[in-house]
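To start, the structure itself, in structure tokens.
Just so we're clear, the structure is a prediction, and the values are computed from it rather than from any experiment.
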Amino acid sequence: MKVCIAEKPSVAKDIAAVLGASQRRDGYFEGNGYQVTWTFGHFCTLKEPHDYTDRWKSWRLEDLPMIPSSFGIKLIDNAGALKQFSVIESLVQHCEEVINCGDAGQEGELIQRWVLLKAKCAVPIKRLWISSLTEQAIREGFEKLKESAQYDNLYAAGSARAIGDWLLGMNATRLFTKKFGQGKVVLSIGRVQTPTLALLVQRQKEINAFVSEDYWELKTLYRETEFTANIDRIRTAEKAEKGLVYLKEHLFEITSFEKKEGKEGNPRLFDLTSLQVESNKKYGYSAEDTLKHIQNLYEKKFVTYPRVDTTYLSEDLHPKIEGIMRDLTYYNQYTASILEKPIPKLKTVFDDKKVTDHHAIIPTGVLPANISQDEKRIYDLIVRRFIAAFYPECRVSNTTVLGKVGQVEFKATGKQILEPGWRAVYANDASAKKDAAEEEKVMPNFEVGESGPHDPWVHQGKTSPPKAYTEATLLRAMETAGRQVDDEEMRELLKDNGIGRPSTRANIIETLFKRNYIEKKKKNLVATQTGIDLIDTIQNELLKSAELTGTWERKLRLIEKGEYAMETFKQELIQMVVDLTREVKMNTGRMISIAEEKTDVKAVTGVKEEKAKKTPKPKEPKEEISIESLTCPKCKSFLLKKGRTAYGCANFQACGFKIPFEFLGKQLNDKNVYDLLSKGKTAKIKGLLIPGNPEPVNARLVMNGEFNFEVE
């Protein structure tokens, strides 16, 4: 008898149907020489600190760092999981061969290997490795079963990742909680979570510190074409007006006219991150929601395996593309022109060297039925991207015109779509139409040397702060370890150094929400004061650096490829944890009060605090106070703005009014600041450190007639 272990009951049912194991038993299917059983998620986990020694039950600084001599696994404490595991254990003990049919990725490999290890499997193991759950894919997979040993490096990388997350998460979370946590709270630190939060905090600080400035530009209209002066932005209105007077005294002359034809390359096939980015931009879906929808489509056999990090297909798929195209009958109007000729073997689509565990996400050709509106949208994104990849490139004409007015140089650019190519696939898409219309700017032909009258004017603008992250831009930043990269080729090269894996990034973002470290304002992700305080408390750059975390990620991928030793990676992390513990124990820093998390500690971080330490239930939140909606009390002309160390007048350089965040040794909260602005004084504040007084005092702060602050 051969035992097949799938990742969940629905997949086991599909496999059993293909294999002819039609008899339903308690916890498995049987028939035709096969027994097909299943797990559902993680049945095993790394042992918790208290499993190694009773001393580690309590959270104490003196017990850190916790470094087990060897890491062990245990079954999770769940009745359903324990019952199903006993079924698997019994089947494995009485079979001749096991076929690992787990999710074909690093996490799936780890789940299955730990279960087989715990079940003391002693028989040969084969591996089913497929990229879709269609009947054809399952049949072909069983005809080409792999040796389990081929995936030993994948298992090693999964183990190294789990051990690394345990070492850092368990130790750093206890370390910072006991050193800086106020009350019965947990300061959650994670190998991927913390540098992601650091990206958001850094951006938030840049936005908070930004002071908008006015600028002026010289523009002119010549032959119904707008030109902009090719000079630095002008900083004063007087200088701009002088420039305008000068322009009115001279004719406009064309000095250069260049028209070049070019091509816009086809959009790449989707990997998980680019699909999450696109669905967030187009439909506002969160990364987690997109992952849920695409997973459903995969399990319903409509698309291929979704948790992938490549935008390429393996070369052996080329012969199957025509059949998939023909099966997409809902999209005949777009596929017809492709199917008139043989499918080209494009290097931008097929490349074995750029395919990792799996190829890019594409439709299987099975037409969807009974799917939700959200799933339809995701499916449509995938199919159109798949079809567009095989269309001709979009041909464009780019125009650059240079001119001058006296000694001032001007420039204008234009673009015209000559042949839409792949854009035709999106011809009926409203947002794509709008984007194309905004991009396209048809210009007249100009002759070098021609000149004539023109209509100049001054454009006044304001400098803009850095843009807040959205889920789409944060996912891209995680993928490239915080670097701003627009080029697709460069992005591919940086993927090995990204923060986290495509399959885990959505969960990391959700964890930051649940921990109240970030919040969403419209589509923007904003670091909360709690998140900012936590990052400010962490002095160790290793914990916060996106690039250094990306380096660890690259080493995990090298382990996966068999090019780096798991033990070396483990020892490096142990040394880092030892150094970090020593450093933090010696540090002094401000205590942090963290809002209660929205889920339990262990579910988010794998960290379980002792039962005695229950987090108190939070009080109902008070109405939010928005200081930045108030007008400066001194000049009464500008709104207040939050800076790095104080709230101040948006026109601070001229007005000079500000309220510092810290005054007489106390952090002022938003209620204190609001009271000062609306009532002229605060409620009594405890522990003010007044110069000349040996002891802290309890007193009110008041704003005097000079708009300064004193104690009452």
Can a salt bridge be assigned to the pair [X] and [Y] using a cut-off of 4.0 Å between side-chain N and carboxylate O?
X	Y	result
Arg395	Glu264	no
Arg501	Glu560	yes
Lys320	Glu140	yes
Glu553	Arg191	yes
Glu135	Lys301	no
Glu213	Lys462	no
Glu510	Lys514	no
Arg223	Glu450	yes
Glu419	Lys263	no

Tell me, with the steps shown, if Asp455 and Lys248 meet salt bridge (charged side-chain N to carboxylate O under 4.0 Å, His left out). CA-CA 8 Å; Asp455 297 314; Lys248 288 178 177 178; over 6 Å; no

So, using side chain to side chain contact (heavy atoms under 4.5 Å, CB included) as the criterion, who are the partners of Ala104 when residues are at least two apart?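 Partners of Ala104 under the side chain to side chain contact (heavy atoms under 4.5 Å, CB included) test: Trp129, His358.
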
Distance-only side-chain donor-acceptor flag, [X] / [Y], under 3.5 Å:
X	Y	result
Asp374	Ser372	no
Lys219	Thr228	yes
Arg161	Gln106	yes

Both conditions, 6.0 Å and 45 degrees, for the charged tip of Arg384 above the ring of Tyr331: are they met here?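 No - Arg384 does not lie over the ring of Tyr331 by the 6.0 Å and 45° rule.
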
Donor-acceptor pair, [X] side chain versus [Y] backbone, under 3.5 Å?
X	Y	result
His250	Val408	no
Thr310	Lys354	yes
Asp352	Glu315	yes

Is it true that atom [atom1] of [X] has more than 12 heavy atoms of other residues, nucleotides or ligands lying nearer than 6.0 Å?
X	atom1	value
Lys404	NZ	no
Glu249	CD	yes
Gln416	CD	yes
Lys239	NZ	no

Would you confirm whether the ring centroid of [Y] sits within less than 6.0 angstrom of the ring centroid of [X]?
X	Y	answer
Phe252	Tyr222	yes
Tyr312	Phe350	no
Phe513	Tyr517	no

Parallel, tilted or perpendicular for Phe386 and Phe390, by the 30°/60° rule?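 Correct class here is perpendicular.
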
Please output the side-chain donor-acceptor pairs of residues 288-296 that fall under 3.5 Å, not counting sequence neighbours, one pair per line with the distance.
{"from": "Asp289", "atom 1": "OD2", "to": "Ser286", "atom 2": "OG", "distance (Å)": "3.3"}
{"from": "Thr290", "atom 1": "OG1", "to": "Ser279", "atom 2": "OG", "distance (Å)": "2.6"}
{"from": "Thr290", "atom 1": "OG1", "to": "Ser286", "atom 2": "O", "distance (Å)": "3.1"}
{"from": "Gln295", "atom 1": "OE1", "to": "Arg307", "atom 2": "NE", "distance (Å)": "3.4"}
{"from": "Gln295", "atom 1": "NE2", "to": "Glu299", "atom 2": "OE2", "distance (Å)": "3.0"}
{"from": "Asn296", "atom 1": "ND2", "to": "Lys292", "atom 2": "O", "distance (Å)": "3.4"}
{"from": "Asn296", "atom 1": "ND2", "to": "Glu375", "atom 2": "OE2", "distance (Å)": "3.1"}

Nearest atoms (heavy-atom pairs only) where Gly365 meets Asp327: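 Where Gly365 meets Asp327 most closely, the heavy atoms are O-CB, 3.2 Å.
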
Closest heavy-atom pair and its distance - Thr273, Pro502: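 Residues Thr273 and Pro502, closest heavy atoms: OG1-CB, 4.0 Å.
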
Among Lys520, Lys281, Lys522, find the one that has a salt bridge (Lys or Arg N to Asp or Glu O under 4.0 Å) with Glu471.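 By the salt bridge (Lys or Arg N to Asp or Glu O under 4.0 Å) criterion, Glu471 pairs with just one of Lys520, Lys281, Lys522: Lys520.
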
Give the C-alpha distance, both sets of side-chain angles, the deciding distance and a yes or no for salt bridge (charged side-chain N to carboxylate O under 4.0 Å, His left out) between Glu322 and Arg326. CA-CA 6 Å; Glu322 182 182 341; Arg326 291 193 186 282; 2.9 Å; yes

